[in-house]
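Let me begin by presenting the structure, written as structure tokens, before commenting on it.
In what follows, every heavy atom counts, from backbone to side chain, and hydrogens, waters and symmetry copies are set aside.
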2 protein chains.
Amino acid sequence: MLLVDDDPTVAEVASSYLRATGFVVEEASDGFAALEAAERIAPDLIVLDRMLPGIDGLEVFRRLRERTSTPVILLTALGSEDDRIAGLEAGADDYLSKPFSTRELVLRVQSVLRRSIGEFTPESVLEYGEFRLDPSAHVATRGGVELTLTAREFDLFEFLLKHPNQVFSREELLRTVWGWTYGDLSTVTVHVRRLREKIERDPRSPVLLTTVWGVGYRFTMDGAADAVV
Amino acid sequence: MLLVDDDPTVAEVASSYLRATGFVVEEASDGFAALEAAERIAPDLIVLDRMLPGIDGLEVFRRLRERTSTPVILLTALGSEDDRIAGLEAGADDYLSKPFSTRELVLRVQSVLRRSIGEFTPESVLEYGEFRLDPSAHVATRGGVELTLTAREFDLFEFLLKHPNQVFSREELLRTVWGWTYGDLSTVTVHVRRLREKIERDPRSPVLLTTVWGVGYRFTMDGAADAVV
DNA sequence: CGCAGGTCTTACGGAACGCGAACGATTCAC
DNA sequence: GTGAATCGTTCGCGTTCCGTAAGACCTGCG
């Protein structure tokens with residue numbers, strides 16, 4: 001997969017998450033590099049920012065279309081419906097407006113790939129200890145017992161499971177899981193609490209989803225039943 | 001393949017994309033040229049715009065049907081006027097509403113061709129648990145008992161049966177089952193409700209076709225007769 | 001021990017969402 | 001032409017979820 005975005009932050013967050021999902025991601029930061037890379041690696045999918053230095057994203061898109069039929073997801077700064085229509089008319093396969101959550105991006109990517117290639121997508125089921133999480137079915141279980149998570153809780157849990165033993169600040173979580181660039185950090189706090197309520201044996205003293213004081217949160221599997229994959 | 005559209009932009013983008021995919025594409029920009037070309041080159045598939053100068057697309061379609069059984073994909077401008085999509089369902093092999101992504105078009109083209117070639121392979125019957133669904137005969141049964149589904153309900157059910165244990169957003173269903181690029185999402189809601197009315201033991205508390213709050217719908221077979229997978 | 005900043009808990013209002021029912025419009029069968 | 005059937009839409013209602021605010025609690029440090 002080829003990811004084209006001139007904003008290093010967006011590129012880094014998005015690509016790391018896509019990689020964690022199982023995709024092989026190549027990056028490009030401008031139009032020329034994008035065209036060159038598309039030629040070189042022949043990706044099965046291209047995520048393309050509309051606003052690019054040098055050649056405009058749409059122009060890059062047109063040139064791509066001249067020689068290949070690779071699916072393209074278009075990213076744009078402002079999410080107006082007009083842009084969406086324009087993008088679709090130009091032939092983009094899908095469309096996403098910034099800022100977007102990583103979940104949204106992965107969903108679109110999978111949807112497009114599912115349509116173009118078939119059933120296969122790298123992310124099938126996520127397993128970690130006694131936890132099992134199936135994003136496509138949106139089902140989470142602990143030891144076979146289903147956990148009823150809300151959409152946000154599911155996203156948060158999914159992200160943490162994909163990046164275990166790693167500390168994330170509230171800002172980071174807000175950016176990657178929520179897709180916000182700013183916002184009330186207590187939103188994260190509360191959702192972490194609610195998630196704990198559902199996955200921890202004793203939510204009062206968390207073992208899995210722990211607080212790293214002054215830094216953020218971390219998901220770990222310390223428990224005895226650590227038959228990790 | 002014959003592509004008929006009076007809009008040069010659409011024709012150019014679509015045809016170049018189809019060619020990049022590997023099809024041999026002939027173009028026509030009005031009804032007469034379309035009929036003439038259809039006669040001359042005997043294409044294996046025709047993509048036909050509904051709105052055409054001179055003879056209307058529908059009229060072209062009827063005349064085509066008089067002398068040949070070439071598969072036809074109809075392009076319609078949604079919302080522009082009273083579209084008789086429902087009535088065309090019987091006649092056209094598929095239809096797509098503008099604006100559409102070119103990839104969507106390619107997918108439909110491939111699907112139609114696959115169908116027209118493998119038309120006589122009787123193993124297109126879909127079975128899942130106690131459900132049995134025969135797309136070619138348009139008959140659905142549950143435990144041998146026939147379910148009287150409408151066209152839309154059948155399409156929806158067919159899609160869900162083909163992709164069990166997977167969540168689909170309303171938007172996704174609208175695009176894949178209805179062939180719309182955008183539209184009223186409550187359309188999906190209502191049809192899901194109607195379908196539930198016919199396949200669920202207790203439609204009030206669905207077991208098979210469940211709602212995933214904030215995400216979409218999912219078809220699952222939890223029931224006892226689960227000899228699947 | 002007391003303070004300050006960070007974290008947890010609870011509660012609440014608004015918004016989003018899904019559901020049900022019903023209504024025209026249209027089509028098809030007779 | 002008439003009536004039944006299908007389909008897409010609309011509206012009101014109840015529910016669920018989410019984000020924020022406010023206070024209590026905890027941790028680290030002087």
Side-chain angles (χ1 to χ4, degrees), chain A residues 101 103 138 147-157 167-175 177-198 200 202-207 209-218, chain B residues 58 76 78-92 95 97 138 140 147-157 167-171 173-175 177-198 200 202-206 209-218:
Chain A
S101 69
R103 159 180 176 258
H138 221 265
L147 304 167
T148 53
L149 305 179
T150 69
R152 276 269 189 269
E153 287 161 8
F154 193 91
D155 293 345
L156 179 58
F157 194 31
V167 185
F168 295 97
S169 68
R170 289 175 171 70
E171 285 95 341
E172 247 169 323
L173 291 172
L174 208 55
R175 202 164 39 227
V177 178
W178 271 257
W180 296 358
T181 36
Y182 63 94
D184 193 338
L185 297 180
S186 61
T187 296
V188 178
T189 313
V190 172
H191 272 88
V192 164
R193 194 193 97 61
R194 288 177 184 156
L195 183 57
R196 276 178 181 156
E197 203 73 39
K198 297 185 179 177
E200 293 280 356
D202 180 14
R204 299 274 168 165
S205 54
V207 179
L209 180 41
T210 52
T211 303
V212 181
W213 230 86
V215 184
Y217 299 105
R218 172 180 50 200
Chain B
L58 274 184
T76 66
L78 185 72
S80 62
E81 22 75 67
D82 50 321
D83 40 36
R84 302 193 258 165
I85 293 179
L88 292 165
E89 266 183 299
Y95 52 93
S97 69
H138 226 262
L147 303 167
T148 54
L149 303 180
T150 69
R152 276 274 188 261
E153 287 161 8
F154 192 89
D155 290 344
L156 179 58
F157 195 31
V167 182
F168 294 96
S169 67
R170 288 175 171 71
E171 202 180 354
L173 291 172
L174 205 58
R175 200 164 44 201
V177 178
W178 271 257
W180 295 0
T181 314
Y182 57 84
D184 195 338
L185 297 180
S186 60
T187 296
V188 179
T189 313
V190 172
H191 273 86
V192 164
R193 193 184 91 66
R194 287 174 182 158
L195 182 57
R196 274 179 184 156
E197 206 72 39
K198 298 185 178 177
E200 292 281 355
D202 179 13
R204 299 274 170 165
S205 54
L209 180 42
T210 51
T211 303
V212 181
W213 226 91
V215 184
Y217 297 105
R218 175 183 49 203

Between the side chains of A/R193 and A/E197, is the shortest nitrogen-to-carboxylate-oxygen separation below 4.0 Å, so that they form an ion pair?
yes
Check the distance between [N]'s [atom2] and [X]'s [atom1] and give it to me in whole angstrom.
X      : N      : atom1 : atom2 : result
B/E197 : C/dC19 : CD    : C1'   : 12 Å
B/D202 : C/dC19 : CG    : P     : 14 Å
B/K198 : D/dA5  : NZ    : C1'   : 10 Å
B/L156 : D/dC7  : CG    : C1'   : 13 Å

Geometric class of the A/H191/A/W178 ring pair [parallel <30°, tilted 30-60°, perpendicular >60°]
perpendicular
Give me the distances for all protein-to-nucleotides 18-24 of chain D N/O pairs that come in under 3.5 Å?
residue, atom, partner, partner atom, Å
D/dC18, OP1, A/T150, OG1, 3.3
D/dC18, OP1, A/R152, N, 3.1
D/dC18, OP2, A/T150, OG1, 3.0
D/dG19, OP1, A/R152, NE, 3.2
D/dG19, OP1, A/R152, NH2, 3.1
D/dG19, OP1, A/W178, NE1, 3.3
D/dG19, OP2, A/W178, NE1, 3.3
D/dG19, O6, A/R194, NH2, 2.6
D/dT20, OP2, A/T187, OG1, 2.7

Between B/S186 (side chain only) and B/T189 (backbone N and O only), is there a donor and an acceptor less than 3.5 Å apart?
no
So, the side chain of A/E200 versus the backbone of A/V207: is there a donor-acceptor pair under 3.5 Å, distance only?
yes
Classify the side-chain pair A/S101/A/R152 by whether it contains a donor and acceptor separated by less than 3.5 Å.
no
Residues B/T187 and B/D184: side-chain donor-acceptor under 3.5 angstrom
no
Heavy-atom check, side chain of A/L209 versus side chain of A/F157, under 4.5 Å
no
Less than 4.5 Å apart, any side-chain heavy atom of A/Y217 and any of A/V188?
yes
Residue-phosphate contact under 4.0 Å: A/R193 side-chain N/O, C/dT10 OP1/OP2
yes
Within the sub-3.5 Å range, which N or O atoms of nucleotides 2-7 of chain C have a protein N or O partner, and how far apart are they?
residue, atom, partner, partner atom, Å
C/dT7, OP1, A/G214, N, 2.9
C/dT7, OP2, A/R170, NH1, 3.1

